A.B. asks: 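Quick one: this structure, given as structure tokens, is what I'll be asking you about.
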Amino acid sequence: MKNNNRVRVRFAPSPTGHLHIGGARTALFNYLFARNLKGTFILRIEDTDRERSTQEYTDFILKGMEWLGMEWDEGPFHQTERMDIYREHVEKLLKEGKAYRCYCLPEELETRRKALLAAGKKPKYDGKCRTMDSGLGTEDQKPYCIRFKAPQEGNLTFNDICRGEITFNREELDDMIIARTDGSPTYNFTVVVDDVTMKITHVIRGDDHLNNTPRQIQLYEALNYPIPHFAHLPMILGPDKQKLSKRHGAVSVIEYKTYGFLPEAMLNYLARLGWSHGDQEIFTKEELVQFFDLNVVGKSPSVFDIEKCKWVNHQHMMKLTHAELFHATKPYLEEMGLEIDLEANGFAVKAVCSERERAKTLKELAEISAFYFREEPVWDEKAVEKWLNDEGKQRLNALKDSFANLKIWDEASIQTAFKEIQEKLGIKKMVDLAQPCRVALTGTTTSPGIFEVLAILGKEKVLKRFDRALAF
RNA sequence: GCUCCCUUCGUCUAGUGGCCUAGGACGUCGCCCUCUCACGGCGAAAACACGGAUUCGAAUUCCGUAGGGAGCACCA
């Protein structure tokens with residue numbers, strides 16, 4: 001009974017594509033809203049379009065949801081398994097004279113639509129069969145679909161949580177088809193029936209559905225069901241302010257996993273698109289749940305900015321413990337063909353984490369810390385040319401001799417030995433000794449602090465790499 | 001074409017009639033730190049789409065204009 005006034009929301013994707021950025025954000029706002037108010041979050045797969053819906057896409061969507069950690073409380077329900085419920089409701093409307101059979105052929109409809117459009121009018125159904133249908137009892141052999149008899153009088157106003165009051169003239173709404181010739185129900189009808197039977201209290205969805213809302217409200221009215229609250233979320237656009245699509249790069253949310261984004265970071269970034277909480281930029285999932293408020297959601301569309309998304313990701317990476325960060329990065333190292341020996345974990349954790357300020361994604365982190373794990377570094381030609389010349393090698397040799405005799409191998413001792421050599425060779429700027437060493441160890445001119453790299457790598461590997469570099 | 005919606009720095013946003021010489025963040029640029037690259041610190045450039053009206057006072061209210069988006073399917 002306590003649950004009676006608890007909110008119930010749903011995310012209802014159609015499995016005709018991957019879970020994309022926009023869909024994920026819609027799901028997230030539903031999820032946050034439900035968790036914030038201790039309500040119920042339902043997952044519903046809208047697969048009435050059998051032509052385009054596939055099991056594969058359903059699986060992708062489920063995987064995306066799981067990766068982002070948006071666990072649902074009920075479902076996933078499939079509309080294809082609920083056909084009887086829709087049929088019952090169509091019958092009910094038919095019986096009550098609120099729907100009728102339409103014998104117009106698709107081709108006729110199309111030509112009439114075009115004529116209307118050409119005349120500068122809104123291409124709505126002209127209502128030809130509205131009064132023709134004899135109702136029940138006509139055993140007509142001609143194929144027909146079923147249309148909803150949309151009331152044409154007066155205005156229809158609803159209060160959108162994000163947009164405020166929105167008014168439509170009922171005249172604008174035509175008699176939409178609720179069941180196709182083959183008897184299958186159409187979208188606007190199934191959503192209403194589903195939302196009603198699943199006792200959805202708040203319909204939170206993309207604002208591409210804003211125009212569908214009045215027609216759906218008319219259905220609620222005809223069915224004599226309570227009307228839920230609506231919240232229409234602004235869209236997410238590409239950098240060119242056009243709808244996000246493949247040419248903007250990754251659209252499917254799961255792709256961001258392969259790029260090395262943390263799910264919490266994605267959640268964080270997505271939540272900040274159209275929503276804010278003061279000046280705070282970085283949120284844990286718990287904070288998002290705690291602070292989320294639908295009333296704060298903006299009205300205008302937002303552009304997906306991959307640079308900021310990366311920055312948010314970096315912030316979340318920095319919040320992880322060293323062990324957590326290592327385990328998150330390990331799969332990306334393995335993807336590069338690098339076997340990380342568990343025995344060497346102490347070394348590996350330090351190695352990976354030594355680069356954490358330098359990487360915005362786990363993948364980047366794997367790439368720049370890979371040199372620790374390779375037998376031989378990948379040589380950067382320019383770096384080798386510049387720093388492993390005769391002079392550089394001479395310095396390297398001196399370092400090598402000194403390091404070979406070092407008893408204690410830690411950052412402090414290494415640094416002392418290093419400074420001694422620098423002084424002995426009369427090298428004024430440390431960079432002139434550090435860079436040959438760095439290139440010899442990493443193959444490149446950029447890395448964590450040289451003493452840190454030296455210490456992490458260990459004496460044996462260091463000397464081996466020096467030899468290799470000296471052989472150039 | 002018709003209907004509905006939207007409009008603050010390049011981008012995400014704060015702002016609900018005086019606290020706004022419009023705040024924060026990403027990005028950009030400069031300086032500092034410095035063994036490289038980062039991180040970090042400091043600083044800079046950068047916006048109320050336009051025009052009216054209401055008001056002592058408007059980013060904030062109202063009306064137009066312009067621009068953008070969505071819908072108008074036997075797709076969802």
Side-chain angles (χ1 to χ4, degrees), chain A residues 12-17 46-49 51-53 79 102 104-106 109-110 113 116-125 143-147 160 162-164 166-169 171-174 176-188 190-191 206-215 232 234-235 237 239 241-243 269 272-282 298-312 314 318 355-360 368 383 387 418 422 429-435 437-439 442 444-451:
Chain A
S14 65
T16 54
E46 309 218 318
D47 54 356
T48 48
D49 181 359
E51 299 275 300
R52 299 193 299 149
S53 302
Q79 292 189 316
C102 171
C104 296
L105 268 15
L109 256 21
E110 189 54 34
R113 191 168 18 244
L116 246 21
L117 218 42
K121 291 189 180 156
K122 189 165 176 158
K124 44 181 274 196
Y125 178 63
Y144 62 84
C145 65
I146 299 181
R147 283 185 189 272
D160 190 279
C162 296
R163 303 304 176 88
I166 294 169
T167 301
F168 282 83
N169 190 322
E171 268 177 20
E172 297 297 330
L173 281 12
D174 63 354
M176 63 178 157
I177 292 172
I178 56 176
R180 303 182 183 97
T181 304
D182 66 3
S184 65
T186 57
Y187 168 75
N188 277 116
T190 56
V191 205
D207 80 2
D208 44 337
H209 290 289
L210 194 57
N211 288 280
N212 287 327
T213 305
R215 10 175 42 107
H232 287 93
M235 313 245 79
L237 310 174
K241 306 243 183 191
Q242 297 297 106
K243 210 156 93 185
Y269 179 70
R272 281 286 287 101
L273 253 29
W275 174 84
S276 63
H277 181 72
D279 285 340
Q280 189 169 345
E281 295 286 351
I282 302 302
K299 303 166 193 264
S300 49
S302 32
V303 171
F304 185 89
D305 180 4
I306 188 66
E307 289 308 317
K308 183 152 184 182
C309 187
K310 282 184 184 174
W311 176 79
V312 171
H314 180 240
M318 295 298 281
E355 292 276 19
R356 63 209 258 276
E357 300 89 349
R358 269 159 288 263
K360 297 209 167 166
I368 60 178
W387 296 103
F418 188 99
Q422 186 186 342
K429 288 196 283 190
M430 187 182 151
V431 62
D432 293 321
L433 186 55
Q435 285 303 67
C437 180
R438 177 168 281 120
V439 174
T442 71
T444 71
T445 52
T446 67
S447 84
I450 196 65
F451 307 124

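Remember, predicted model here, so these are calculated numbers, not experimental data. Reminder, nothing fancy here: chain letters follow the sequence lines and each chain counts from 1.
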A.B. asks: Reading nucleotides 23-44 of chain B from the 5' end, what letters show protein touch, with B for base, S for backbone sugar-phosphate only, - for no heavy atom under 4.0 Å?
C.D. replies: BBBSS-------BBBBS-----
A.B. asks: A/D174: which residues meet the salt bridge (charged side-chain N to carboxylate O under 4.0 Å, His left out) condition with it, sequence neighbours left out?
C.D. replies: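 Salt bridge (charged side-chain N to carboxylate O under 4.0 Å, His left out) list for A/D174, sorted by chain: A/R215.
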A.B. asks: Just call it for A/T190: base, sugar-phosphate, or nothing, with non-hydrogen atoms closer than 4.0 Å on any strand.
C.D. replies: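 Contact class for A/T190: none.
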A.B. asks: Are the side chains of A/H209 and A/V191 in contact, using a 4.5 Å heavy-atom criterion?
C.D. replies: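 They are not in side-chain contact.
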A.B. asks: Just to confirm, is there a sub-4.0 Å distance from OP1 or OP2 of B/rU13 to any side-chain nitrogen or oxygen of A/S302?
C.D. replies: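 Checking A/S302 against B/rU13: at least one side-chain N or O falls below 4.0 Å of OP1 or OP2.
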A.B. asks: Is there a side-chain contact between A/D207 and A/M235 (heavy atoms, below 4.5 Å)?
C.D. replies: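 Yes, at least one pair of side-chain atoms sits under 4.5 Å.
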A.B. asks: Determine the contact category for A/N169: base if any of its heavy atoms lies under 4.0 Å from a base atom, sugar-phosphate if only primed atoms, P, OP1 or OP2 are that close, otherwise nothing.
C.D. replies: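 Nothing, no heavy atom under 4.0 Å.
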A.B. asks: Any base atoms under 4.0 Å from A/R356, or only sugar-phosphate, or nothing? Heavy atoms, all strands.
C.D. replies: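 Touches nothing.
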A.B. asks: When the C1' atoms of B/rG10 and B/rA46 are compared, how many Å lie between them, rounded to an integer?
C.D. replies: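 Pairwise C1' distance, B/rA46 against B/rG10, rounds to 9 Å.
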A.B. asks: Counting any heavy atom closer than 4.0 Å, what does A/L210 reach on the DNA or RNA strands: base, sugar-phosphate only, or nothing?
C.D. replies: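 Counting heavy atoms under 4.0 Å across all strands, the contact made by A/L210 is with sugar-phosphate only.
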A.B. asks: In whole angstrom, what separates A/N188's CG from B/rA70's P?
C.D. replies: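 A/N188 atom CG is separated from B/rA70 atom P by 18 Å.
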A.B. asks: Using side-chain contact (heavy atoms from CB on, under 4.5 Å) as the criterion, list what pairs up with A/T213, not counting sequence neighbours.
C.D. replies: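 With neighbours one apart ignored, the set is A/F158, A/R205, A/I217, A/F230, A/H232.
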A.B. asks: Classify A/T213 by what it touches in the nucleic acid, base, sugar-phosphate, or nothing, heavy-atom distance under 4.0 Å.
C.D. replies: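 The answer is nothing, as A/T213 stays clear of every strand by at least 4.0 Å.
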A.B. asks: A/D49 has an atom CG; how far is it from atom P of B/rC74, in whole Å?
C.D. replies: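 In whole Å, B/rC74 P and A/D49 CG are 13 Å from each other.
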A.B. asks: Please report the distance separating the C1' of B/rC48 from the corresponding atom of B/rC20, rounded so that it comes out in whole Å.
C.D. replies: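 About 11 Å, rounded to a whole number of Å.
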A.B. asks: Quick check for you: among B/rC4, B/rU13, B/rA76, whose closest atom lies nearest to any side-chain atom of A/S276?
C.D. replies: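 Comparing B/rC4, B/rU13, B/rA76 against the side chain of A/S276, the answer is B/rU13.
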A.B. asks: Using a heavy-atom cut-off of 4.0 Å across all strands, would you classify A/C162 as base, sugar-phosphate, or nothing?
C.D. replies: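 The residue A/C162 makes no contact with any strand.
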A.B. asks: Could you tell me which residues satisfy side-chain hydrogen bond (donor to acceptor under 3.5 Å, both in side chains) with A/D182, sequence neighbours excluded, listed by chain and number?
C.D. replies: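 In terms of side-chain hydrogen bond (donor to acceptor under 3.5 Å, both in side chains), with neighbours along the sequence ignored, A/D182 is linked to A/S184.
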A.B. asks: Return the set of residues passing ring pair (Phe, Tyr, Trp, His ring centres under 6.0 Å) with A/Y269 (not counting sequence neighbours), or none when no residue passes.
C.D. replies: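 Scan of A/Y269 (ring pair (Phe, Tyr, Trp, His ring centres under 6.0 Å), adjacent residues dropped) gives A/F304.
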A.B. asks: Quick one: salt bridge (charged side-chain N to carboxylate O under 4.0 Å, His left out) partners of A/D49, sequence neighbours excluded?
C.D. replies: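 A/D49 satisfies salt bridge (charged side-chain N to carboxylate O under 4.0 Å, His left out) with A/R52 only.
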A.B. asks: Need one value for A/H232: base, sugar-phosphate or nothing, where a base atom within 4.0 Å counts as base even if backbone is also close, heavy atoms only.
C.D. replies: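 Nothing, no heavy atom under 4.0 Å.
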A.B. asks: With rounding to whole Å, what would you report as the distance between B/rC5 and B/rU11 at their P atoms?
C.D. replies: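 Their P atoms lie roughly 24 Å apart.
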A.B. asks: Taking 4.0 Å as the cut-off, does a side-chain nitrogen or oxygen of A/T186 come that near to OP1 or OP2 on B/rA73?
C.D. replies: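 Answer is no, no contact under 4.0 Å.
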A.B. asks: Rounding to the closest angstrom, what is the interatomic distance between B/rC26 and B/rC9 at atom C1'?
C.D. replies: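 The answer is 12 Å between these two C1' atoms.
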A.B. asks: Using the test side-chain hydrogen bond (donor to acceptor under 3.5 Å, both in side chains), find all partners of A/K360 that sit at least two apart in sequence or belong to another chain.
C.D. replies: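 Residues passing side-chain hydrogen bond (donor to acceptor under 3.5 Å, both in side chains) with A/K360: none at all.
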A.B. asks: Using a distance-only criterion (donor-acceptor N/O pair, under 3.5 Å, no hydrogens), is the base of B/rA76 paired with the side chain of A/D47?
C.D. replies: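 There is none.
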A.B. asks: Could you work out, with salt bridge (charged side-chain N to carboxylate O under 4.0 Å, His left out) as the rule, every residue matching A/K124, not counting sequence neighbours?
C.D. replies: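 With sequence neighbours excluded, A/K124 shows a salt bridge (charged side-chain N to carboxylate O under 4.0 Å, His left out) to no residue whatsoever.
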A.B. asks: When you compare the protein's N or O atoms with those of nucleotides 59-69 of chain B, which come within less than 3.5 Å of each other, and at what distance?
C.D. replies:
| from | atom 1 | to | atom 2 | distance (Å) |
| --- | --- | --- | --- | --- |
| B/rG69 | OP1 | A/Q242 | OE1 | 3.2 |

